[in-house]
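Take a look at the structure below.
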Amino acid sequence: MLSRLSSTSDAVNGPMLFIAGTSIFLLIAITLVMIYFTIRYHRRRNPVVTEEIHGHKVLEIVWTVIPTLIAFGFFWYGWVGYELMKSPPKDAMQVNVTARQWSWMHEYANGVQSGELYVPVNEPVQLNLKSMDVIHSYYIPAFKVKQDAVPGVKNLFLWFQANQVGDYDVFCAEYCGLNHSAMLSKVHVMTREDFDSWMKTENEKAQELAKAAAAAEKGGGGAGMVSLGESLVKSKGCTACHSIDGSVLIGPSYKGIYGHSTTVMTNGKERQVTVDDEYIRRSILQPKADIVKGFQPLMPSQEGVLDDKQIDALIAYIKSLK
Ligand code: CUA
């Protein structure tokens, strides 16, 4: 509970301990005084009321001033921690995070994208948050940091400096729809060397993707598009839910669907559709429009993630999986 895995942990631990400690102290003190009074001033001991008490200025001032000071103490202590959490070091590594129903996308300054966050240990990292649809909240319990991503609101960020290598959970802490609870990610805290080699691999993957895209551009379609589609399917994580060999995962397989008829649920009604360019495009951009019978409506929209050209490449690739 009082872990100190990040540089800002104490900004939360301190005030929490202070508030809990003060509350426990007051609870015990007040209870003891109450018990003492019940015994000391019991009617059996004091059968005759000798004097009625009407107010006591000093006491009243004391019990107003002391709680006020305590409340200000809470505020001040919390404020100091808040200031720290809102003052990222200038040299913090910048990562842009895009939230959407229901996934997180992390993008580094060099354009490398990743569904999970990879950071070097003992270096400050600043996450700049943006939401494409509804309010989400980026939450790393281990580091005691949390920040809402609100659509249309800029300059939302959080920062931390992890001080221990390891993998930590990332949650969405704002109810954002059906799959809110599955909107998970990870922070991988690595040594600088491991981080650099991870970044190098990712960079190469990104360049391969760019090369495939360029080839597709030149070739005006055909094989270039298919290989671009293949690279995209791998790099965007599509294969986590859609197999390319016909096996059924969370979503339907890509293999052998093109040109065939399939049963989908549209607005709660069953209907037959033919898997063509238009159907695939709609399934990528508005995955909830038609749900293939037997599957759950889990897929997040790729609006803003994939451009037209990339979707064409995906269609070409799916077409090629006979
Ligand atoms: Cu995103 Cu809850």
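Atoms within each ligand, like the ligands themselves, are counted from 1 in listed order.
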Please name all residues satisfying ring pair (Phe, Tyr, Trp, His ring centres under 6.0 Å) with Phe25, sequence neighbours left out, ordered by chain then number.
-> none
Side-chain polar contacts of residues 73-89 - donor-acceptor pairs under 3.5 angstrom, sequence neighbours left out - could you list them?
from	atom 1	to	atom 2	distance (Å)
Lys86	NZ	Gln147	OE1	3.1
Lys86	NZ	Phe157	O	3.3
Ser87	OG	Glu83	O	2.5

Validation row: Arg100, Thr98 side chains within 4.5 angstrom (heavy atoms) =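 They are in side-chain contact.
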Under-2.8 Å protein N/O/S neighbours of atom 2 (Cu) of ligand 1, ordered by chain then residue number = Cys172 SG, Glu174 O, Cys176 SG, His180 ND1
Fit a plane to each ring of Phe143 and Phe160, take the angle between them on a 0 to 90° scale, and name the class: parallel (under 30°), tilted (30 to 60°) or perpendicular (over 60°).
->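 Rings of Phe143 and Phe160: tilted, 30 to 60°.
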Could you give all pairs that pass the side chain to side chain donor-acceptor pair (under 3.5 Å) test and reach residues 312-322, with sequence neighbours left out?
->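 Pairs touching residues 312-322 that pass the test: Arg281-Asp312.
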Lys293 NZ: over 12 foreign heavy atoms closer than 6.0 Å = no
